[in-house]
Amino acid sequence: MLGTVLLLAVAAACALWWTLHQVRALAQPDQDHDIWHMVNLQRELQKLRQTVAAPLAMTVGVADASPTPTPTPTLTPSTSTSTSTSTSTSTSTSTSTSTSASGTDPADLALRLEVLVSLLKPSAGTPRNDLSPLVMLPGTHERLSRLGDLVLQWADRLRAGSAAAPMVAAEVRAQIDQMQLSADQALLELHLAGTEYADAHRIELRHRFALLSWLLGGLVLVMVAMIVRLYAEARHSQRLAQHLGLLNRRLESRVQRRTRQLAEGKALLGFILDASPSEVALLGAQDGRIHFINQRFQDRIGTGPEAVRQLALRELFQAPPQGEHFARELEQFGRVDAAEARFSGRSQDWVSVSAQLIELEGELAHLVWCYDITTHKQLEARLRALAATDALSGLDNRRAFFDKGARMVEQARRYRHPMSLLMLDIDHFKRINDRHGHACGDEVIRRIAQLLRTVLRDADLIARVGGEEFCALLPETGLEPAREAAQRLVEQIRQAELCATPQGPLNGTISVGVAQLSDEGQTLDQLMQQADEALYQAKSEGRDRVVVSPPSPAPPISPPPVPQHV
Ligand SMILES: Nc1nc2c(ncn2[C@@H]2O[C@H](COP(=O)(O)OP(=O)(O)OP(=O)(O)O)[C@@H](O)[C@H]2O)c(=O)[nH]1
């Protein structure tokens with residue numbers, strides 16, 4: 001469409017230029033100039049006629065003194081020139097004589113002839129372009145040329161001297177009719193030629209205008225078509241824009257609604273998470289950026305996102321190795337559940353921490369949640385302690401003794417360190433119960449346990465393994481030091497007041513079996529078996545003594561005094 005418009009516009013411009021050119025050619029004044037030139041020529045010829053018709057102001061003598069008149073050409077064809085000339089000459093001569101008589105002014109004649117020369121000289125009548133009628137009329141042009149030559153000749157003769165005036169005047173009078181006829185004929189021919197010329201140009205111009213009109217009409221039609229199409233497209237675009245605007249408004253409304261819902265959801269989630277007993281945080285896996293952290297978590301680590309923008313998961317843990325291990329497991333398995341840890345920061349409490357690897361906005365993130373288990377840990381520790389402790393004596397119970405003792409035995413055996421075991425039993429304890437009651441028996445047990453703790457070292461494992469039976473595992477202790485420790489125990493317990501009774505302080509004795517861990521890979525059970533045999537032997541030998549297994553070479557301890565109230 002645009003190409004068509006351009007093509008039509010160029011064609012219309014060319015046609016317009018072509019038409020203007022034609023109009024300019026038609027409007028050129030050459031034709032009128034030539035016609036006016038002929039009219040002027042007619043007028044001047046008329047004046048010349050009047051001039052030669054007037055009497056000469058000059059004397060005849062002057063006229064006679066003029067040279068012999070030269071043959072004058074006529075406006076007739078050259079074949080009759082000589083005849084005409086002679087005739088003319090004779091006529092002129094006679095005329096000159098009569099003219100002189102009539103009184104023609106030579107100066108006036110010369111002036112008229114000069115004017116005619118100027119009108120008839122080639123440059124005066126020369127058309128300005130090739131379309132001039134004079135160019136298109138060669139006959140007329142030739143006739144006027146001949147007329148010009150004739151007038152020029154007369155003028156030259158007059159320029160030579162005024163004596164030729166009468167002769168010239170006579171010749172002019174003889175030729176004036178023919179000259180006027182030629183001028184009239186030229187005027188007529190010019191007029192006719194000009195009319196034809198104008199008609200031809202008008203017809204041509206009409207054709208060019210028609211072409212220009214067609215082109216402009218086509219251009220207008222195409223422009224109208226374009227405008228219609230543009231209008232239709234504009235309407236279509238407008239409808240589309242309205243539709244798009246409507247869609248956009250709906251979309252914006254939906255986005256706003258969704259954004260509001262999301263914001264509300266987020267606020268609700270934040271509220272729930274803040275109200276939750278759990279501590280929750282969402283941390284960037286790569287950069288540790290805090291995406292979310294609830295108040296409890298902030299309280300836990302003692303800071304918030306305002307203070308710290310980044311928080312790496314592994315840096316949460318108080319023990320760096322545990323943090324590294326936790327992060328490694330999370331990367332490997334994608335989730336870690338209920339790891340018990342202490343977080344770095346102000347709090348020294350225990351937490352159960354879990355984490356999951358999730359994808360957030362195209363990046364990995366650590367969703368971390370934890371809750372406080374300090375109380376649980378304390379209770380657990382208490383329970384564990386209770387489970388391992390003998391409630392009556394406060395010593396480790398049998399199970400704890402076997403647990404801890406087995407590890408100690410294993411350790412000593414591995415590093416070949418000496419270790420000994422004392423197995424103690426209260427002598428005649430049934431009698432104490434029977435005579436003084438179980439409360440007193442319990443008090444005796446507590447008192448002996450206290451003495452055991454006092455006499456033995458902190459590193460020794462002391463436990464109540466039966467009703468009135470105790471064991472003491474002595475690390476880094478050979479048989480003899482163990483025996484000596486056992487002996488000290490026997491003596492101190494013998495001298496101690498074990499229970500206050502209405503009858504007075506109650507004394508008692510113990511029997512001790514001592515065994516040393518051998519180098520042959522003994523177990524705790526075997527060691528206890530060995531010590532038990534020694535204890536049995538001590539009981540058999542009269543109680544209140546120490547028996548070493550294998551029996552030590554040392555002499556047996558002297559028999560103890562019999563307790564007062566036992
Ligand atoms: N008061 C009290 N008595 C206990 C406790 N545990 C066991 N007994 C008593 O300790 C007594 C142990 O008696 P026996 O096994 O016969 O030993 P014994 O009387 O000490 O005799 P020997 O060991 O041979 O000297 C039993 O009567 C038990 O009831 C306890 O925790 N408290």
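Start at 1 and go down the list; that is how both ligands and their atoms are numbered. Below, each value reflects all heavy atoms present in this structure, side chains not excepted, and no hydrogens, waters or symmetry copies.
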Could you tell me whether a side-chain N or O of [X] sits under 3.5 Å from a main-chain N or O of [Y], the two making a donor and an acceptor?
{"X": "R342", "Y": "A319", "result": "no"}
{"X": "R447", "Y": "C499", "result": "no"}
{"X": "R399", "Y": "A387", "result": "yes"}

Would one find an N or O of [X], backbone or side chain, under 3.5 Å from an N or O of ligand 1?
{"X": "L392", "value": "no"}
{"X": "H428", "value": "yes"}
{"X": "R431", "value": "no"}

Sub-4.0 Å atoms of ligand 1 with respect to non-hydrogen atoms of [X]:
{"X": "R543", "value": "22 (P), 24 (O), 25 (O)"}
{"X": "G467", "value": "6 (N), 7 (C)"}
{"X": "I445", "value": "30 (C), 31 (O), 32 (N)"}
{"X": "N433", "value": "1 (N), 2 (C), 3 (N), 4 (C), 8 (N), 9 (C), 10 (O)"}
{"X": "D425", "value": "23 (O)"}
{"X": "K539", "value": "22 (P), 23 (O), 25 (O)"}
{"X": "G441", "value": "1 (N)"}

For [atom], what is the nearest protein heavy atom, given as residue, atom name and distance?
{"atom": "atom 18 (P) of ligand 1", "value": "F429 N, 3.6 Å"}
{"atom": "atom 17 (O) of ligand 1", "value": "E468 OE2, 3.4 Å"}
{"atom": "atom 13 (O) of ligand 1", "value": "K430 CB, 3.5 Å"}
{"atom": "atom 32 (N) of ligand 1", "value": "D442 OD1, 2.8 Å"}

Looking only at side-chain N and O atoms, does [Y] offer a donor or acceptor that is under 3.5 Å from a partner on [X]?
{"X": "R453", "Y": "Q450", "answer": "no"}
{"X": "T523", "Y": "D525", "answer": "no"}
{"X": "T477", "Y": "R457", "answer": "yes"}

- prompt: Relative to ligand 1, is I426 under 4.0 angstrom through side chain, backbone, both or neither, heavy atoms considered?
  reply: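 It is the backbone that gets close, since no side chain atom is under 4.0 Å.
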message: Can you tell me which portion of I432 lies within the under-4.0 Å heavy-atom range of ligand 1? Options are side chain, backbone, both, or neither.
response: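 For I432, no heavy atom sits under 4.0 Å from ligand 1.
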field: Sole residue of R545, K539, R543 in salt bridge (charged side-chain N to carboxylate O under 4.0 Å, His left out) with D425
entry: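 Output: one option passes, namely K539.
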- request: Name the orientation class of the two ring planes belonging to F317 and F343 (parallel below 30°, tilted from 30 to 60°, perpendicular beyond 60°).
  value: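 Perpendicular, since the angle between the ring planes exceeds 60°.
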query: For the residue pair Y415 and H417, does the interplanar ring angle fall in the parallel (under 30°), tilted (30 to 60°) or perpendicular (over 60°) class?
result: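 Judged by the thresholds at 30° and 60°, the geometry between Y415 and H417 is tilted.
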- request: Compute the minimum heavy-atom distance from R464 to ligand 1 and say whether it is under 4.0 Å.
  value: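 It does; at least one heavy atom falls under 4.0 Å.
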field: Non-hydrogen side-chain atoms of L473 and V409 separated by less than 4.5 Å
entry: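 Counting from C-beta outward, L473 and V409 do come under 4.5 Å.
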- prompt: So, for A412 and M419, which heavy atoms are closest and what is the spacing to 0.1 Å?
  reply: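 So the two residues come closest at CB-CE, 4.0 Å.
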